[in-house]
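One structure below.
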There are 2 protein chains.
Amino acid sequence: MKSTLRTLSVLAEPNRLHIVELLRDGPRPVGEIVNILRLRQPQVSKHLHVLSKAGLVEMHPVAQQRIYKLRPEPLKELNIWLESYRSTWNKRLDRLDDYLIKLQEDEMKQRGKKYERK
Amino acid sequence: MKSTLRTLSVLAEPNRLHIVELLRDGPRPVGEIVNILRLRQPQVSKHLHVLSKAGLVEMHPVAQQRIYKLRPEPLKELNIWLESYRSTWNKRLDRLDDYLIKLQEDEMKQRGKKYERK
DNA sequence: TCTTAATATTCCTCTACAGGAATATTCCTG
DNA sequence: CAGGAATATTCCTGTAGAGGAATATTAAGA
């Protein structure tokens, strides 16, 4: 899914991930994020902008402050994406043997054909 | 966690994500990946290299072929990371109100003090 | 209305990194 | 051991995007 990719790439930036992790514990105004993460205000605003465009974050103005809070939807999507792997984790995924055996067989057939051809 | 970040950034590349999704259904030799995803062989090898370094993928040589299979561990880690959000999803996270109310209250106190001062 | 606090935006620069093309490596087969 | 198949590596180039610094915007209070 397209939006999963977007979520991934947005989270793949260290400071952005930090912001998300900070917001995990509740909403915060920009200033607090700046202080806690020891980043420069413009960069934080930019990161929040990116997070916002990706729907990972939501803004509520209170006077001059902008309170940012996490939006769970994209993370839920990521979760769903991961689900599809969970089912495979303890199944065929670990059976490399199957593939190798299949390969062996195919090879046998191949050789058979080659010999047939001659 | 550091490795979560790494997993995220490695997956945040479209073609790499495609490769992972392809390998979800079972191991494949490089050539098959090339054909199925319509990518150039060198790029696929490079992506596999990156995936490999991040532990997302594992290689088994069979003659000149290199069979790549998914390693679930990094995805499991990602899953664990997500878990910590799941618990919050339907709880305080959606209670922006709390924060706003708290803010209101603080503001009231502030004003009170200010008026007191006069 | 002027000032100040909080935040956003713009412009610039620098670097990481993905793709292209060519070449190297590895391993089987005759 | 020469040749070819499968894959890896190297070198080059172009570009997205992150940070720095300065400036713009918005809202409140005196």
Side-chain angles (χ1 to χ4, degrees), chain A residues 5-6 8-19 23 27-54 57-69 99 103-104 106-108 110-115 117-118, chain B residues 5-6 8-19 23 27-54 57-69 103-104 106-108 110-118:
Chain A
L5 181 61
R6 180 166 226 208
L8 285 172
S9 55
V10 165
L11 292 178
E13 206 285 329
N15 289 328
R16 228 135 50 199
L17 190 62
H18 289 146
I19 292 178
L23 292 182
R28 300 257 189 194
V30 180
E32 282 190 21
I33 304 178
V34 168
N35 290 330
I36 297 176
L37 299 187
R38 305 297 194 88
L39 300 172
R40 308 191 189 257
Q41 177 268 317
Q43 332 299 335
V44 170
S45 282
K46 286 184 221 170
H47 283 311
L48 285 169
H49 183 72
V50 173
L51 287 167
S52 189
K53 277 196 305 180
V57 120
E58 195 175 301
M59 187 266 270
H60 296 260
V62 173
Q64 317 103 321
Q65 299 207 140
R66 307 290 141 103
I67 316 290
Y68 283 88
K69 63 169 273 213
Y99 194 88
L103 262 184
Q104 293 279 72
D106 291 355
E107 201 177 346
M108 288 306 156
Q110 272 301 103
R111 293 192 189 195
K113 279 178 191 164
K114 276 178 189 166
Y115 290 136
R117 268 187 226 121
K118 281 192 178 170
Chain B
L5 181 61
R6 180 166 227 208
L8 286 171
S9 56
V10 164
L11 292 178
E13 206 285 329
N15 289 327
R16 228 136 51 199
L17 189 62
H18 290 145
I19 292 179
L23 291 182
R28 301 258 190 196
V30 179
E32 282 190 19
I33 303 178
V34 168
N35 290 329
I36 296 176
L37 299 187
R38 306 298 194 87
L39 300 173
R40 307 191 190 257
Q41 177 268 318
Q43 332 298 338
V44 171
S45 281
K46 286 184 223 171
H47 283 312
L48 286 170
H49 184 72
V50 174
L51 287 167
S52 190
K53 277 196 303 179
V57 120
E58 196 175 301
M59 188 265 271
H60 296 259
V62 173
Q64 318 102 322
Q65 299 205 139
R66 307 290 142 103
I67 316 289
Y68 283 88
K69 64 169 272 214
L103 264 183
Q104 294 280 70
D106 290 355
E107 201 177 346
M108 287 308 154
Q110 273 300 102
R111 294 193 188 194
K113 279 180 192 163
K114 277 178 189 167
Y115 290 135
E116 278 167 19
R117 266 188 228 122
K118 280 193 177 170

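The analysis underlying the following values was restricted to heavy atoms, covering all of them including side chains, and did not include hydrogens, waters or symmetry mates.
- The two residues B:L23 and B:K69 make their nearest non-hydrogen contact at CD1-C, 4.5 Å.
- Base pairing of C:dG30: its partner is D:dC1, meeting the Watson-Crick or G-U wobble criterion (both donor-acceptor distances under 3.5 Å).
- Looking at residues two or more places apart in sequence or on another chain, you find a side chain to side chain contact (heavy atoms under 4.5 Å, CB included) between A:L37 and A:H18, A:I19, A:L22, A:I33, A:L39.
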Please tabulate, for side-chain N and O atoms in residues 8-15 of chain B, each donor-acceptor pair with protein atoms closer than 3.5 Å (sequence neighbours left out).
unit_1: B:S9; atom_1: OG; unit_2: B:L5; atom_2: O; d: 3.2
unit_1: B:S9; atom_1: OG; unit_2: B:R6; atom_2: O; d: 3.0
unit_1: B:E13; atom_1: OE1; unit_2: B:N15; atom_2: N; d: 3.0
unit_1: B:E13; atom_1: OE1; unit_2: B:R16; atom_2: N; d: 3.0

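- Looking at residues two or more places apart in sequence or on another chain, you find a side chain to side chain contact (heavy atoms under 4.5 Å, CB included) between A:V30 and A:V34, A:V44, A:S45, A:L48, A:R66, A:Y68.
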Considering only nitrogen or oxygen atoms on both sides, find all protein atoms under 3.5 Å from nucleotides 2-7 of chain C and state each distance.
unit_1: C:dT7; atom_1: OP1; unit_2: A:V30; atom_2: N; d: 3.2
unit_1: C:dT7; atom_1: OP1; unit_2: A:R66; atom_2: N; d: 3.4
unit_1: C:dT7; atom_1: OP2; unit_2: A:G31; atom_2: N; d: 2.7

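- Here D:dG17 presents its C1' atom at 17 Å from CG of A:L8, a figure rounded to the nearest Å.
- Atom CG in A:L5 sits about 12 Å away from atom P in C:dA18, given to the nearest Å.
- C:dG19 atom C1' lies 10 Å from atom CG of B:L39, rounded to whole Å.
- Taking the side chain of B:Q43 as heavy atoms from C-beta on, and the options C:dA8, C:dG19, C:dC27, the nearest nucleotide is C:dG19.
- Contacts between residues 46-53 of chain A and DNA chain D, defined by a heavy-atom separation under 4.0 Å, are made by A:K46, A:H47.
- For A:E13 and D:dA16, the CD to P distance is 17 Å, given to the nearest whole Å.
- Listed nucleotides C:dA8, C:dA18, C:dG20 differ in distance to B:R40; the shortest reach to its side chain belongs to C:dG20.
- Within 4.0 Å of B:P61, counting heavy atoms only, lies no atom of the nucleic acid at all.
- A distance of 11.0 Å separates NE2 in A:H47 from CG in A:L17, rounded to the nearest 0.5 Å.
- The distance between atom CG of B:L37 and atom P of C:dA18, rounded to the nearest whole Å, is 16 Å.
- Atom CG in B:L17 sits roughly 16 Å away from atom C1' in C:dA18 (whole-Å rounding).
- Following rounding to the nearest Å, A:H18 (NE2) and D:dA18 (P) show an atom-to-atom distance of 14 Å.
- For the atom pair NE2 of A:H49 and CE of A:M59, the computed distance is 11.0 Å after rounding to the nearest 0.5 Å.
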